[in-house]
Amino acid sequence: MNTPRFAARLRRIKPSPSTAAADRASELRRQGRSIANLVIGEPDFDTPAHIRTAAAEAMNKGQTRYTLMAGTVELRQAIVAKLERENGLRYGMDEIMVTSGAKSAIHSALAITIESGDEVIIPAPYWVSYPDMVLACDGTPVTIACPEASGFKLTPRQLEAAITDRTRWLLLNSPSNPTGASYTVAEYQALAAVLERHPQVQVITDDIYEHIRYDGQRTPHLLNAAPQLRDRTLAINGVSKTYAMTGWRIGWVAGPRAYIQALDTLLSQSTGNCCSISQAAAAAALNGDQGFVTESVAIYKQRRDFMVQAINAIPGLSCRTPDGAFYLYVNCSALIGRTTPQGKKLKDDTDVVMYLLEGEGVAVIAGTAYGLSPFFRLSIATSLDNLEEGARRIARAVKALD
Ligand code: PLP
């Protein structure tokens, strides 16, 4: 059989490292190993019952046909109302595009705007998919290391230094995967002051973790701090994390009409509309009782507090307390150069992660996947029992090092 010849844009990208880590953990489990899996990047709760009921009702009422490309009127109205109620942002119905998850929203936004050589600024640590999405659209990811000492956040000076004539986008994610860092209004204003000097730079805000935050406050949006950026900002969000709806695949873009029309054109010739049943479920999530959100965040907070304390009690490891999202980004620099009981010297965070997995059966993801080393990411979207077991295993593994 002939080997298929794939396009250069495919050859430039790699499969998601988090999927690869999850696959490796499942493989070891299949082989009979006991694994404390701290890899998973999705809520471990079921979608709330009233949302599932709304989906069943939509199906039974025959809402099983194509919908409008931009999304059903009902869902777009729910998104418009949500943006005003929760974020103080006003959008019209023709400024919303429903997509198959926030992931496809970000990819599509890049696909309609960037050409070969266009640059996209991505503060690191970043969500693993951003650089590959840019590469898949023939663009150039420009990653900027945002160290732990500055709270893993981009500074105005770094932003100014990174902008060139080819810069098309700045990608912001707050609270962030993998660090949980969240920008304040003042920090957004300082970044906006730089952007005002560079009108060619557009902004994508990935707001997917906005409700998973631990100080009881509302997550500020860039456009609250800098409304003057509205005509070059796409606010991207979805129901996956907030309502434990990762499998339903509903996200959206809120932005100026010209972008929405372009997205409509692209998506009408590729995916077509999103699943009609999922759209009905997402509308019920946004319009319905929000008790689940408060309850799940309280549970994540309990887990976060436990795990931050447990990690910081292990000599050689440390982590900041994340403002939001459900991950800890653990600094493992003190383990580099140490030797495992099998005689292997740990030379980077990939070695540390392999050692934790092979040695103690605890699965986490190396910081190299997120663009800032030496760290590893662990997820707290798992039971307290699993976190306790994971912490015990990590402590044992670290103690066994020479
Ligand atoms: N953005 C970030 C930062 C994420 O961590 C994820 C999922 O892990 C997504 C977007 C994807 O969201 P969706 O399920 O809506 O595609």
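Indexing begins at 1, ligand by ligand and atom by atom, following the structure's order.
Distances below 4.0 Å separate heavy atoms of R249 from the following atoms of ligand 1: 13 (P), 14 (O), 16 (O). For ligand 1, the atoms sitting less than 4.0 Å from at least one non-hydrogen atom of K103 are 13 (P), 16 (O), numbered in the order shown with element in parentheses. Taking every non-hydrogen atom of N173 and a distance limit under 4.0 Å, the qualifying atoms of ligand 1 come out as 3 (C).
With a 4.0 Å heavy-atom cut-off, ligand 1 is reached by the backbone of A102 and by its side chain too. With a 4.0 Å heavy-atom cut-off, ligand 1 is reached by the side chain of K241 but not by its N, CA, C or O.
Counted by atom type alone, R377 and Y370 present one or more donor-acceptor pairs between their side chains at under 3.5 Å. Side-chain contact, R393 with S34: a donor N or O sits under 3.5 Å from an acceptor N or O.
Remark: minimum distance from atom 9 (C) of ligand 1 to any protein heavy atom is reached at W127 CH2, 3.3 Å. Looking only at protein heavy atoms, the nearest one to atom 1 (N) of ligand 1 is D206 OD2, 2.6 Å.
Between S100 and ligand 1, no pair of N/O atoms sits closer than 3.5 Å. When only interatomic distances are considered, the shortest N/O to N/O separation between Y209 and ligand 1 falls below 3.5 Å. Residue S240 has at least one nitrogen or oxygen atom sitting less than 3.5 Å from a nitrogen or oxygen atom of ligand 1, judged on distance alone. Considering both main-chain and side-chain atoms, T246 never comes within under 3.5 Å of ligand 1 through any nitrogen or oxygen pair.
Taking the six-membered ring wherever Trp is involved, the centroid distance between the rings of F326 and Y209 falls below 6.0 Å.
The two residues A136 and R9 have their closest heavy-atom pair at O-CD, 3.1 Å.
Screening L170, T233, I236 for a side chain to side chain contact (heavy atoms under 4.5 Å, CB included) involving T205 leaves a single residue, T233.
For R24 and E27, the salt-bridge test fails: no basic side-chain N is under 4.0 Å from an acidic carboxylate O. Salt-bridge formation is not detected for the pair R166/E115: no Lys NZ or Arg NE/NH1/NH2 atom is positioned less than 4.0 Å from an Asp or Glu carboxylate oxygen.
A donor-acceptor contact shorter than 3.5 Å links the side chain of Q200 to the backbone of T164.
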